[in-house]
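Working notes for the structure below.
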Amino acid sequence: MPFKIARSAFLAFLVTAATSAFTVNNDKLNRGNGLIGQTSHIEHTFRSIPILAKTTTRSSHLRMSDDEYDFDLAIIGCGVGGHGAALHARAQNLKTAVFSGADVGGTCVNRGCVPSKALLAASGRVREMQDTDHLASLGVEVDGSAVKYSREGIAAHAKNLASRVKGNLEASLVGLGVDVIEGRGVLTGIAHEVKDEATGKVYKAKNIILAPGSIPFVPPGVTVDEKTVYTSDGALELESVPEWVAIIGSGYIGLEFSDVYTALGSEVTFIEAMDNIMPTFDREIAKLAERLLIRDRPIDYRTGVFASEVTPGIPGEKPVTIKMIDAKTKEHVETLEVDAAMVATGRVPNTSAMGLEDMGIETFRGFVSVNEKMQVLTKSEDGEIVPNLYCIGDANGKMMLAHAASAQGISAVENICGREHVVDHDAIPAACFTHPEIAMVGPTEEQAIERAEKEGWALGKSQGNFRANSKALAEGEGNGIAKVLYNKDTGKVVAVHIIGIHAADLIQECSNAVAAGTTVQELSMMVHTHPTLCEVLDEAFKGAVGMSAH
């Protein structure tokens, strides 16, 4: 390989290695019904980017497209998925363009994973410092009433973080020689063509990846003004801390914002259409989460009801009115008057008016159908492959998580380069960044039982407890469990569900085990650092094979 090409690939590797995956949620695959799950999130620090930007330029050593094409690859959308695809494309020396739609970073960076983590971090500090009983158990004396916070300061922290990460993402693209086109890209109906909506200019690309992301879903009857009735987009602005806020939906987004609001002094009422709170979570984990995240906080909930009509109010003058009907009978059951309402009912693909129909592509509820290689199909059932067209991320609905979108983008580029690759979605973890955190990889226990019965294998279950973990006890955080589900016949890990301190960090070991097909027998013999939180998993792995960890 010529030296210049090797150097370009090496620089691309450095930038890719500087990227850590972000969090988002997965309503469609029973991973929550909100965006913060579009919680695993991506935090890019890229401190080395200015240097790369100076030393890495687009020059003659880059492989140019065939003469008939402007680019080897055009990517429509510049969220986490589009960004990840662009980085990998440049590492493969593909001449690449990204149509950002003036939204580099997409939902995750600008209106989701990143700013939400800033709000959770700040509000979490307030909760910890006001928990005088917990601090006293550690020998720390604090006047909880003296702990104050600045709403404006917390909001600014979230906004500044999003801006910084967005800038880092754009710098990484430019530094690697990606053409960042500001306009929104749309298909023209002609193969290989993408039109810049801002200028009307049409570009030709040998391959195209659709990565338009998603937008908040607002149910019929709900009027959003983004002031008193708002989606996650408005909630992240933190323009107020309402005394009483209703959260419609109890998935990832709803849970995370209940954590923020109660830490800052609000009372919360969940309105959930399903019969159980947190309906898409593993039931054992959900029950424990109800005790740790709801019962001991100023939170109540209504289940089995729809918010059929939500009318905005006027701050300080007129309340928000929420009419609720029974989810089954559709009869009116209650009307609430609250200070604010947050709509956390999931997300829908942002695929309208992007020229799909002109390409003969039928969507299902806005989702673009793809095969396992991320190639676009003309329809969901018996659809034909649309040549040289791929779709990744929230728009295909396979798994609505930011890091899943990035993985799909990398996979699509691999397939474009002729190296067959398929993403193992069962091995992609997810996390909810409440205090304590919830994290999981693989199916819920209920789903795993069904799968085992259908496929004819026996399901095993083993559990580790935070109350038996020295590090957790040192932190005064003994609540929580780690549950490992495995195939008794093969020993392979099927799923892991964790609720407890730093669960989002602990889940990665489990995700790697699922991806690699590692058995509980192998995991039980691996050494975990003592004393660390990961020994909760060691306890579960050892328990699966009849060993004791204590």
Does [X] come within less than 4.0 Å of [Y], counting only side-chain N to carboxylate O?
| X | Y | result |
| --- | --- | --- |
| D538 | K542 | yes |
| E477 | K471 | no |
| E446 | R283 | no |

So, [X] versus [Y]: side-chain donor-acceptor pair below 3.5 Å or not?
| X | Y | answer |
| --- | --- | --- |
| H83 | S172 | yes |
| N110 | D103 | yes |
| E239 | Y230 | no |
| R347 | T107 | yes |
| D275 | T303 | no |

Side chain to side chain donor-acceptor pair (under 3.5 Å) with T262: of E267, R127, H435, only one passes, and it is R127
Which atoms form the tightest heavy-atom contact between S250 and L255, and what is the distance?
O-CG, 4.1 Å
Inter-residue atom distance [X].[atom1] - [Y].[atom2], 0.5 Å rounding:
| X | Y | atom1 | atom2 | answer |
| --- | --- | --- | --- | --- |
| C391 | N396 | SG | CG | 5.0 Å |
| D505 | E437 | CG | CD | 6.0 Å |
| N465 | N479 | CG | CG | 10.5 Å |

Tell me every residue that passes side chain to side chain contact (heavy atoms under 4.5 Å, CB included) with T532, counting only those two or more places apart in sequence or in another chain.
T529, C534, E535
Residue list, salt bridge (charged side-chain N to carboxylate O under 4.0 Å, His left out) with E128, at least two apart or on another chain:
none
Working for side-chain hydrogen bond (donor to acceptor under 3.5 Å, both in side chains), residues E372 and H425:
CA-CA 10 Å; E372 59 184 9; H425 290 91; over 6 Å; no
